Structures are given as structure tokens and as C-alpha cells.
Amino acid sequence: MRAEFDNSFVRELSGFYVDWKGAQVPDPKVLRLNRALADELGLDADHLETREGAEELVGMRIPDGGTSIAMAYAGHQFGGFSPQLGDGRALLIGELIDTAGNRRDLHLKGSGKTPFSRGGDGKAVLGPVLREYLMGEAMHALGIPTTRALAATTTGETVLRQNGPEQGAVLARVAASHLRVGTFQFFAARGDHARVKQLADYAIARHYPEVEGSENRYLELFRQVQARQAALIAQWVHVGFVHGVMNTDNMTISGETIDYGPCAFIDAYSPDAVFSSIDRQGRYAFGNQPNLAQWNLARFAETLVLLINSEDQDAAIAQLTEVLETFPALYQQHWLEGMRKKLGLNTAQDEDLDLANDLHNLMQEAGSDYTRTFRTLSRVADGDATALDGIVTAKGTSDWIARYQHRLTHDGDHPTRAGAMNAVNPVYIPRNHKVEEALTAASDSDMEVFDRLLKILATPYDEQPGADAYALPAPDGFGPYTTYCGT
């Protein structure tokens, strides 16, 4: 890959992984390469598109200076604890220091069986790989912390799935790290508290060095992770994103979005929106994501009790609980701050929470498109009281608009308000029907539809010529949308 690796996870955390190599595949070919990201990482993009580069991107060849390991972790999946999960179809192939001086993991997904595979084939297929590529880049363009796609590489093999044979593929993705709540759970569940401490020290050094000198740095680690998660989930909700599988192994310590399996974006606003085929009880519904984030954080807190106070666990639990109980207020603070920006409110007034919640109630009653509603609000803020006609049709909408326009008078005249609103309310999101259209075309070897969608999503806040269809909700015939984990 022609880049310098500095593999601190391998160097400092022996026993947290197993050495492993990706499966040999017949004909690896780079289907899509994120050349801008490659440059950012100091990688040789031209090399990556060679046969040797493709072999590195599927895991069958270890790059010079790289590693090839499967990381251990556990996790609560839909509320049930699995003491051993781990990288069942993935490999960490090293850490790169990017051009801004940031340490970033380079990780392969779909590279074959590992000791953590639990009976799976360890493979990935093209559709889910391209979905994650698309979603990660869209979230990045929206300004939301996320793993990113470096490359989608086909393997030249056929992989059997429920719907029949599909084209094998591997995703190369980049993250601040792959430390998860589940990584801590793996060792805590085994009573290996020395390794929990080792992991916590590593996480602090890598992600939260500012807490090194704190009186109780492990309590501060928890506080900082919680703060990042509260901010992250609020950002998800601001753009209508539903993760779909918020298991503890899918919550990062760094505060990045990870693992775009059965994820989706809402069209019609509904806090009950669920798209995942396996979330039959609505555990990870759109509106339940803040609650589940707090639940996951409670599981993280459980792993830290002995680090915080090994002599008085009750005191440690009390300290952690005190921090954890601040999560709802912290989340609401982030959500309301973001909502004020989406509404174009430049000052804070007591009425703002009710104003925002009442708009959401109207959208839910009318089945209004979430993204279009907020994008159109800039016109309402500019004085067009009819701009939402046909979008928010619930009784009481006109009264709400009058309240909203009156509220804006508290801020005075701001000629840049509409522009500021449009800078946080996207025109384009990965509309579910457009995502499916792109993936279906890709399965028939037509990447043009995917490339067009990816290009539009790269600048989601700017209206683009000829892209009107990408700003519209699904047509009536699209029907209920269901996503799958892709394993």
C-alpha cells in the first residue's frame, strides 16, 4: 500500500486479538476506490488499483508494515449477551497516521473465516458492501462522525445467501479505532480486570488523553464516551438516520458510527420507524435510539466498576450511575441545540422545546417527509407561510407556522438565516428507494447509478442541477422498506 503503518493495538494489546490472514480468492478486483481518502491516508491510490493492491484490499496479501489480526469482543445483541463475538469476517490490517496527524484503523470486512466466525462463512457480498460504502460516505458528507469506505473490491467468487448466489466482495473501511463497548465486555465477562484496565488505559491514550491527569480517569473516560455518544445520536436523529442494530458491539469508544447493516433513513416522520428485518419488537426504532444508547452505556459502565473503586464497588456504581443519569438531559441539550439551528433560531427561548416537539407531532400526524419539511422551513422563515402546503397537512399546521414566525421575531432580522438553515438541513439523503435502485443496478454490473447517487450525496446541502428526483420521497408503489444485516 506504500504507506507507513504504526500498529499500536498489536504492539500494546497482546491477547486482545488473534493473528489471522484473509482467505485466498480467485480474482480480486478493485470495483470502487475512494482516491481522495487514500490521499488523506498517505496511501498510493495507483498501487491500490493494481493486482497486488487488490490482494491487499481483500486480505490475502499483508501490506508491508501492516498486520492481519481478528479482534476479540463480546456484545449484547438485541438485549441478550454473547460473551464471544469478535471479528468473524473481518481483519485489522494496520493503523495509519493520516496527513492531519490522526491515527486511523484500516479494516477489512468480508475477508473470510476467522476463529470468531461462529459457523459463518466469513464472506461479504456486493450489495451490503456497496451499501456501507454509500452510507458511510453520505454520513461523512452530512458532517456526522463515521467510519468511511476506502474501497469496495470484488473477489471473483460466488457466495451463497438466502436469496441465492451473489457476488463476493470485501469492504476496506477506515475508523478512528475499532474499540467497542463489546471489547470491554469481552474481558470483563471473563473476570480479566487487568486486561480491562489495560484496554481502558489504551483507550484514554488513543482517544481521550485530556483525562490522563484526572483524579479518577476511568470515571472521566466514561463521562467522555457518554458525551460523544449523546452528541452522535442527536446528529443521527437530526437527519432521520436509523442505525437498525445498536448492539453494544456496534457502539464505538471513539464516538463514530459503525457497521451500516440494516440501516436506513426515514421518509415520513415516525418515531416508531423500523427497517431491520430482525428488529421485530422495535427495539432499535428511530425514536428509541437515545434510550438504547443510554442502555448500552450502562453496559459499558458495568465493565469499569472495579477500575473506579476496587475496594468499594457500591461507591463506584453510585458514581457511574450519577453520570449515566445525566444522559437524557445531555442528549436533549444536543438535540435542542441542533434543532434550533434547523429551525433558524439564533437565540435560546424557553418555548423552543415545545415549538420543536409540536412540529414533530404535526409531521407524525400528517406522515410528512422529514427531510423535505426541514429543508422547506427556510422559505417559511423568509416569510412564505404557504411553503409547507402539501408537505405538512395536519390540522394545526397554520397555527404552528404563525407561532414559528412570531418566535423568529425574538431574534431580529437576520438576512443570512435561510442560508444558515440550508447549511444544516440537507436537500439530499440516501433515500431508500434510490439506494435500492443503485444496488440493484450494481448487481447487474451497472455502476453508473451508484456513482451518480454517491456524487449527489457528497454535497447534500447544495441543490444540484438535474437532481430533483433525489430530493423526493419514495413513490407510492415502493411499499414498506425492509433492510437486512447482509451477513
Side-chain angles (χ1 to χ4, degrees), residues 234 236-242 264-275 282 285-291 328 331-332 334-411 413-414 417-418 420-422 424-429 431-433 463 468-481:
W236 288 1
V237 173
H238 287 148
V239 297
F241 175 73
V242 186
F265 281 73
I266 59 172
D267 282 336
Y269 173 72
S270 171
D272 300 325
V274 173
F275 300 99
F286 174 61
N288 207 32
Q289 292 178 122
N291 296 331
Y331 166 79
Q332 182 171 285
H334 285 294
W335 181 83
L336 186 55
E337 286 176 356
M339 199 53 59
R340 284 192 176 107
K341 292 178 182 178
K342 290 174 76 67
L343 292 168
L345 306 178
N346 298 307
T347 61
Q349 302 287 336
D350 291 342
E351 66 190 273
D352 295 346
L353 181 60
D354 286 342
L355 188 71
N357 282 332
D358 289 346
L359 175 60
H360 283 76
N361 290 336
L362 290 168
M363 285 192 290
Q364 184 175 4
E365 181 182 341
S368 304
D369 186 82
Y370 184 81
T371 303
R372 289 185 69 208
T373 297
F374 278 104
R375 182 67 181 193
T376 306
L377 272 179
S378 62
R379 291 165 51 197
V380 180
D382 263 354
D384 183 357
T386 66
L388 287 177
D389 288 358
I391 299 176
V392 184
T393 57
K395 183 180 179 182
T397 300
S398 60
D399 290 340
W400 183 88
I401 290 172
R403 284 171 56 203
Y404 171 56
Q405 291 182 325
H406 178 70
R407 166 64 183 86
L408 292 175
T409 64
H410 289 297
D411 288 355
D413 184 23
H414 288 278
R417 177 184 280 119
M421 292 173 69
N422 288 340
V424 296
N425 290 316
V427 189
Y428 312 106
I429 58 168
R431 296 278 184 180
N432 301 323
H433 64 294
E463 294 187 17
D468 291 353
Y470 293 85
L472 297 176
D476 291 339
F478 185 65
Y481 186 53

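The structure presented is a predicted model; accordingly, all values stated were derived computationally and were not measured. Computation of the quantities below employed the complete heavy-atom set of this structure, encompassing side-chain atoms and omitting hydrogens, waters and symmetry-equivalent molecules.
Heavy atoms only, all atoms of each residue included: Thr393 and Thr397 are closest at C-OG1, 4.2 Å. The two residues Thr373 and Leu359 come nearest to each other via the heavy atoms CG2-CD1, 4.4 Å. Closest approach of Ala366 to Ala394, counting heavy atoms only: CB-N, 3.6 Å. Heavy-atom minimum distance, Ile429 versus Phe265: CD1-CB, 3.7 Å. Ala268 approaches Gly367 most closely through the heavy-atom pair CB-O, 3.5 Å. Considering all non-hydrogen atoms of both residues, Met339 and Tyr370 come closest at CE-OH, 4.2 Å.
Asp369 has a carboxylate O that lies under 4.0 Å from a charged side-chain N of Arg431, or vice versa, which qualifies the two as a salt bridge. Checked for salt-bridge contact, Asp399 and Lys395 miss the test: no charged N lies under 4.0 Å from a carboxylate O.
The ring-ring contact (aromatic ring centres under 6.0 Å, His included) test with Phe241 is passed by exactly one of Trp236, Phe286, Phe275: Trp236. Tested against Val380 for a side-chain contact (heavy atoms from CB on, under 4.5 Å), the candidates Asp384, Leu377, Asp382 yield a single pass: Leu377.
Remark: the backbone N or O of Leu343 is paired with a side-chain donor or acceptor of Tyr404 at under 3.5 angstrom. Using modelled atom types, one side-chain atom of Asn425 and one backbone atom of Lys342 make a donor-acceptor pair closer than 3.5 Å. A donor-acceptor pair under 3.5 Å is absent between the side-chain atoms of Asn288 and the main chain of Asp272, judged by distance alone. Counting only distance, with no hydrogens or angles, the side chain of Ser368 and the backbone of Ile391 share a donor-acceptor pair below 3.5 Å.
By the 30° and 60° cut-offs, the orientation of the rings of Phe374 relative to His360 is tilted. His410 and His406 have perpendicular rings, their planes meeting at more than 60° on a 0 to 90° scale where under 30° would count as parallel.
Between the CG atom in Leu362 and the CG atom in Leu388 there is a gap of 10.0 Å [rounded to 0.5 Å]. The NE2 atom of His433 sits 7.0 Å away from atom CG of Asp267, with the distance rounded to the nearest 0.5 Å. If you take CZ on Arg407 and CD on Glu351, they are separated by 5.5 Å, rounding to the nearest 0.5 Å. Separating the CD atom in Gln405 from the CD1 atom in Ile401 is a distance of 7.0 Å, to the nearest 0.5 Å. For the atom pair CD1 (Ile266) and CG (Asn432), the distance works out to 10.0 Å, reported to the nearest 0.5 Å. Summarising the geometry, atom CG belonging to Leu355 is positioned 12.5 Å from atom CG belonging to Asp350; distances are rounded to the nearest 0.5 Å.
A search for side chain to side chain contact (heavy atoms under 4.5 Å, CB included) contacts involving Ser378 returns Ala418, Met421, Asn422, not counting sequence neighbours. Legend: residues meeting side chain to side chain contact (heavy atoms under 4.5 Å, CB included) with Leu336, ordered by chain and number and at least two apart, are Arg340, Asp352, Leu353.
Looking at heavy atoms from C-beta onward, His334 lies out of side-chain contact with His238 at the 4.5 angstrom threshold. The shortest side-chain heavy-atom distance between Val237 and Tyr331 falls under the 4.5 Å cut-off.
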Please evaluate residues Val242 and Val274 with respect to the criterion side chain to side chain contact (heavy atoms under 4.5 Å, CB included), reporting the C-alpha separation (whole Å), side-chain torsions for both, the decisive distance (0.1 Å), and the verdict. CA-CA 8 Å; Val242 186; Val274 173; over 6 Å; no
